Amino acid sequence: MDLLDGLNPQQREAVIWGHGPALVLAGPGSGKTRVLTHRVAYLVREVGVGARNVLAVTFTNKAAREMKERLVRLLGAECEALAIGTFHAICARILRREGALLGYSPSYTIYDEDDQQAVIKRVIKELNLDEKIYRPGAMLSVISRAKNDLIGPDALTPRSYREEIVARIYRRYQQALRESNAMDFDDLLTNTVLLWEQYPDVLERYRRRYSHVLVDEFQDTNAAQYVLLKQLAGGHRNLFVVADEDQSIYSWRGADFRNIQRFREDFPEAPVILLERNYRSMQTILDVANAVISHNYHRTPKRLFTDRGQGGVVILHEAYDEQEEGQYVVAEIQRLMSEGVQPGDCAVMYRTNAQSRAVEEAFVRAGMRYKLVGATRFYQRREIKDVLAYLRIVYNPADSASLNRVINVPPRGLGAQTVAALFAWAGEQGVSVWDALHMLREADQGGDVAHPIAPRAVKPLLSFLTLWEGLVEDSKGLDAASMLSLILERTEYRAYLDDGTEEGRDRWDNVMELLNVASQYRDMDDSLGMFLQEVALVADVDELDEQPNVPVLLTLHMAKGLEFPVVFILGLEEGILPHARSSDSLEELEEERRLFYVGITRAKDRLYLLRAFRRATYGRSAIAEPSQFLRDIPRELTSNKRRTWTPRPSVSAFQAQPAAQAPRREEERHARPSALAFAAGDRVLHPVFGEGTVVKSELIADDEQVTVDFHAKGVKTLLARFAKLQKVR
């Protein structure tokens with residue numbers, strides 16, 4: 001086999017590069033996997049490097065499997081001697097052999113996320129700290145960032161009392177791992193770096209073993225991974241890396257695309273080879289991608305081109321709201337299917353998981369199957385099931401299944417044994433748990449009631465009963481959205497859910513998306529009952545069989561490395577893409593642009609860019625501002641399918657029909673949130689809390705957040721759109 005056959009000149013240049021470092025900047029769809037595999041085969045077949053002396057590092061097991069499969073075809077049995085794997089897998093193998101030097105036995109355990117959570121919670125409890133202040137997820141996030149930067153607990157320099165406590169948690173966490181002969185995923189990297197720092201003879205042995213190191217997706221390396229590669233290639237300098245600054249989208253998990261610049265500084269002799277020829281997309285799609293990414297400063301200029309042809313224009317479509325956005329996607333997929341496009345050729349991409357809700361419902365209403373990639377279906381997500389369970393026990397206090405889910409959520413110090421004993425006792429008495437808790441209160445107040453509950457568990461159970469009773473009482477007359485808002489406030493669910501991590505923020509966004517749905521039932525009779533009934537029906541219908549040939553729904557982060565003939569990108573609005581969290585940082589804004597670029601370059605034949613004229617945020621529909629990224633796209637590359645709409649009456653999210661077309665008023669296009677309705681000192685009346693005095697009022701996420709001192713009920717922070725506050729003259 002001619003290993004250079006079919007390679008373009010730039011690919012050939014990369015494959016036949018001799019000894020020493022090399023940097024290959026490979027645009028999306030430019031055949032980088034082909035270059036890497038042919039480079040490995042060339043080293044073995046043509047240069048004479050032993051297969052056992054080649055190390056190829058990837059970021060996913062899937063990529064490693066694909067590389068190995070290709071190399072089997074190129075090298076046959078010789079491929080078995082190659083070392084191919086992810087950073088973590090390769091480091092784990094090294095530490096199995098050498099970990100004793102650092103005090104670990106070969107049987108060490110690798111802790112996953114759940115294991116880490118259990119350890120950190122135990123540590124926080126041991127140190128007599130409050131989990132609400134030192135939240136486990138947030139603490140693990142801080143520890144992970146420190147490890148990625150190769151900063152151990154003793155190297156931290158606390159600048160405040162809180163940081164001193166964090167350092168103590170980090171130190172004790174590491175001790176706990178040691179005591180269990182365990183490492184977390186970050187430890188696999190940091191301990192390998194430490195091993196090679198402390199034992200140069202071991203490092204030298206691995207340098208001799210792996211005389212040629214090749215790295216895929218180099219832009220996604222963190223500080224620890226870069227140091228690891230520098231250590232390994234420090235002697236022979238045969239470090240061949242493939243990267244693309246324009247596809248660096250994982251800074252939130254430690255990736256640093258600036259490692260490309262560090263590589264150039266540390267290996268100045270390395271040639272820079274550009275792979276710009278794209279084998280995936282039509283030229284119009286590439287022109288859109290080039291136009292968008294060219295506005296980023298921190299990148300090496302390159303321009304993607306293809307021989308596939310110009311292709312049609314990119315469709316730019318404006319829907320009225322997120323429901324219409326989902327309906328348009330489904331209708332367009334159905335139209336494409338009538339033209340012979342396979343449903344599995346279509347992908348629907350979005351910035352946050354919460355955006356899947358409206359489009360999922362559109363697929364369900366149309367009776368179309370779909371596949372959700374990288375996430376649980378909206379109504380099956382933990383946080384959604386939690387808050388729905390609260391709503392259900394308020395609506396039906398006899399609902400024991402929902403109660404079992406939330407009786408200790410957020411944590412109230414109730415162990416599984418206590419909960420089991422309570423439910424068993426209720427069953428023995430032939431009453432609901434609601435009634436059993438009232439019997440427990442009677443016993444606590446001196447009544448002649450025998451029960452199996454341990455004394456230490458009585459107080460938290462009765463405290464929960466008081467919370468539950470208050471919610472049931474206050475639910476009378478409240479609509480679904482107002483009730484949900486009240487539950488979130490009373491249970492302090494946000495503090496429990498949003499621990500400061502990306503996952504925590506995403507989970508809270510999902511809860512806010514549920515609030516958007518609930519707000520559409522505000523004017524219905526039996527608002528809460530109707531909402532729970534229709535959500536239950538959608539959740540039942542949504543349990544779809546796995547089908548390979550169905551449209552795929554996924555986040556833009558999950559789309560990296562994939563390709564589809566037809567791509568829809570939703571939510572091109574300020575605050576969504578780019579995300580609101582990027583508004584104050586040029587670096588974060590550039591990463592949002594790279595994320596959009598990744599989405600664009602997943603499309604092979606057709607690309608749809610969608611935005612909504614209005615979008616519900618935190619339960620309130622407001623006019624959405626088009627994404628600034630749309631201004632980067634030359635008009636001649638798009639067919640603007642903007643439509644004019646008239647607002648429709650509020651209806652069930654599961655019965656929504658396309659709104660009638662009508663001219664849009666110019667003043668509605670440019671509407672902005674009105675002035676604050678309440679000011680400090682105003683006397684107000686609340687239907688549940690009674691009279692109070694406004695302490696402060698501010699605009700939060702397009703709604704007015706009012707802090708009120710209710711003299712009988714204490715200080716409450718409310719959202720004006722739900723609170724039904726009235727000024728008292």
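What you are looking at is a predicted structure, and each value in this text was computed from that prediction instead of being measured.
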Quick check against the 3.5 Å criterion: does R351 have a side-chain atom that pairs as donor or acceptor with the backbone of L577?
no

Next on the checklist: Using only atom types and a distance under 3.5 Å, with no angle test, would you say the side chain of Q11 pairs donor to acceptor with the backbone of N8?
Outcome noted: yes

Walk me through whether E502 and R505 qualify under salt bridge (charged side-chain N to carboxylate O under 4.0 Å, His left out). CA-CA 5 Å; E502 184 81 0; R505 289 189 290 264; 3.2 Å; yes

Flag for D256-Y226: side-chain donor and acceptor within less than 3.5 Å: no

NE2 of H295 to CG of N290, rounded to nearest 0.5 Å, is 11.0 Å

| field | Distance-only polar pair, side chains of T306 and Q283, donor-acceptor under 3.5 Å | value | no

Worksheet item: Please walk me through it: do R258 and E265 pass salt bridge (charged side-chain N to carboxylate O under 4.0 Å, His left out)?
Response: CA-CA 11 Å; R258 289 171 297 189; E265 293 168 357; over 6 Å; no

Assess the side chains of S582 and E592: does a donor N or O sit below 3.5 Å from an acceptor N or O?
no

| Quick one: do the D186 and S144 side chains pair a donor with an acceptor below 3.5 Å? | yes

To the nearest 0.5 Å, atom CD1 of I120 lies from atom OG of S141 at 11.0 Å

| Main-chain N/O of S211 paired to N238 side chain as donor or acceptor, under 3.5 Å | yes

Output yes when a side-chain donor or acceptor of Q355 lies under 3.5 Å from a complementary backbone atom of T352, and no otherwise. yes

Steps toward side-chain contact (heavy atoms from CB on, under 4.5 Å) verdict (V341, D605) | CA-CA 11 Å; V341 173; D605 304 321; over 6 Å; no

> Any side-chain heavy atom of L71 within less than 4.5 Å of one from V44?
Replying inline: no

For A14 and V24, the nearest pair of non-hydrogen atoms, with its separation, is CB-CG2, 3.9 Å

Has S281 got a side-chain atom pairing as donor or acceptor with A603's backbone, closer than 3.5 angstrom?
yes

Item to check | CA sep, side-chain torsions, deciding dist, call: T190, L150, side-chain contact (heavy atoms from CB on, under 4.5 Å) | outcome: CA-CA 6 Å; T190 58; L150 296 174; 3.8 Å; yes

Any non-hydrogen side-chain atom of Q198 less than 4.5 Å from a side-chain atom of L101? no

Q) Given side chains that start at C-beta, do those of Y279 and R34 come closer than 4.5 Å, heavy atoms only? A) no

- Under 4.5 Å between any side-chain heavy atoms of R299 and R594, yes or no? no

* Asked: Going through the checks in order, is the salt bridge (charged side-chain N to carboxylate O under 4.0 Å, His left out) test met by K302 and D246?
  -> CA-CA 10 Å; K302 55 183 178 293; D246 296 335; 3.2 Å; yes

In terms of heavy-atom contacts, K604 and I285 come closest through O-CD1, 3.8 Å

Here the gap from D220 atom CG to F257 atom CZ, rounded to the nearest 0.5 Å, amounts to 12.0 Å

query: Short question: side chain of N278, backbone of S30 - any donor-acceptor pair under 3.5 Å?
result: no

- Query: Please walk me through it: do C91 and L228 pass side-chain contact (heavy atoms from CB on, under 4.5 Å)?
  - Reply: CA-CA 10 Å; C91 288; L228 196 79; 3.6 Å; yes

Nearest heavy-atom approach of Y597 to L304 is OH-CD1, 3.3 Å

By side-chain hydrogen bond (donor to acceptor under 3.5 Å, both in side chains), N296 pairs with (sequence neighbours left out) R593

Only one of V142, L140, V123 passes side chain to side chain contact (heavy atoms under 4.5 Å, CB included) with I169, and that residue is V123

Problem set entry | Backbone of L562 reached by a side-chain donor or acceptor of R602 within 3.5 Å | yes

In short, ring pair (Phe, Tyr, Trp, His ring centres under 6.0 Å) pairs touching residues 259-278 with sequence neighbours left out are F218-F263, F263-F267

Margin query: Do L336 and R606 have side chains that approach each other closer than 4.5 Å (heavy atoms only, starting at C-beta)?
Written below: yes

Taking every heavy atom of A223 against every heavy atom of N259, the minimum-distance pair comes out as N-ND2, 4.4 Å

Original post:
Can you check whether I16 reaches E46 side chain to side chain, under 4.5 Å on heavy atoms?
Top reply: no

All heavy atoms of V314 vs all of V288, minimum pair found to be CG2-CG2, 3.8 Å

Check your understanding: Should S356 and R381 count as side-chain neighbours, where that means a heavy-atom distance under 4.5 Å?
Key -> yes

Review point. Parallel under 30°, tilted from 30 to 60°, perpendicular over 60°: which one fits the rings of F596 and F629?
Key: parallel

dist F240:CZ -> D216:CG (nearest 0.5 Å) comes out at 10.5 Å

*Assess whether side-chain contact (heavy atoms from CB on, under 4.5 Å) is satisfied between L74 and R45, documenting all intermediate values.*
CA-CA 10 Å; L74 294 173; R45 281 283 175 87; over 6 Å; no

*Strictly by modelled atom types, are H212 and H236 linked by a side-chain donor-acceptor pair under 3.5 Å?*
no

**Prompt:** Using 4.0 Å as the upper bound for N to carboxylate O, is an ion pair formed by R507 and E503?
**Reply:** yes

Spell out, as yes or no, whether a donor-acceptor pair under 3.5 Å connects the side chain of Q342 to the backbone of N549.
no

Check: With no hydrogens and no angle check, is any side-chain donor or acceptor of E245 less than 3.5 Å from a backbone partner on T300?
Finding: yes

F87 and L229, any side-chain heavy atoms less than 4.5 Å apart:
yes

(request) Over 60° means perpendicular and under 30° means parallel, so classify the ring planes of F568 and Y608, tilted if in between. (result) parallel

Check your understanding: Does a donor on one side chain and an acceptor on the other come within less than 3.5 Å for E98 and Y206?
Key -> yes

Correct closest heavy-atom pair for S251 and E591 would be OG-OE1, 2.7 Å

Rounded to the nearest 0.5 angstrom, the CE-CG distance for M349 and L570 is 10.0 Å

Rounded to the nearest 0.5 angstrom, the CG-OH distance for L553 and Y350 is 4.5 Å

Self-check item: Salt bridge flag under 4.0 Å for residues K62 and E66
Solution: no

*Determine yes or no for a side-chain-to-main-chain donor-acceptor pair under 3.5 angstrom, with Y210 supplying the side chain and L232 the backbone.*
no

Checklist entry - Are Y173 and Q116 close enough that a side-chain donor and a side-chain acceptor fall under 3.5 Å? => result yes

Applying side chain to side chain contact (heavy atoms under 4.5 Å, CB included) to A81 and not counting sequence neighbours gives A51, R52

Please determine whether the number of non-hydrogen atoms from other residues, nucleotides or ligands lying under 6.0 Å from atom CZ of R159 exceeds 12.
no

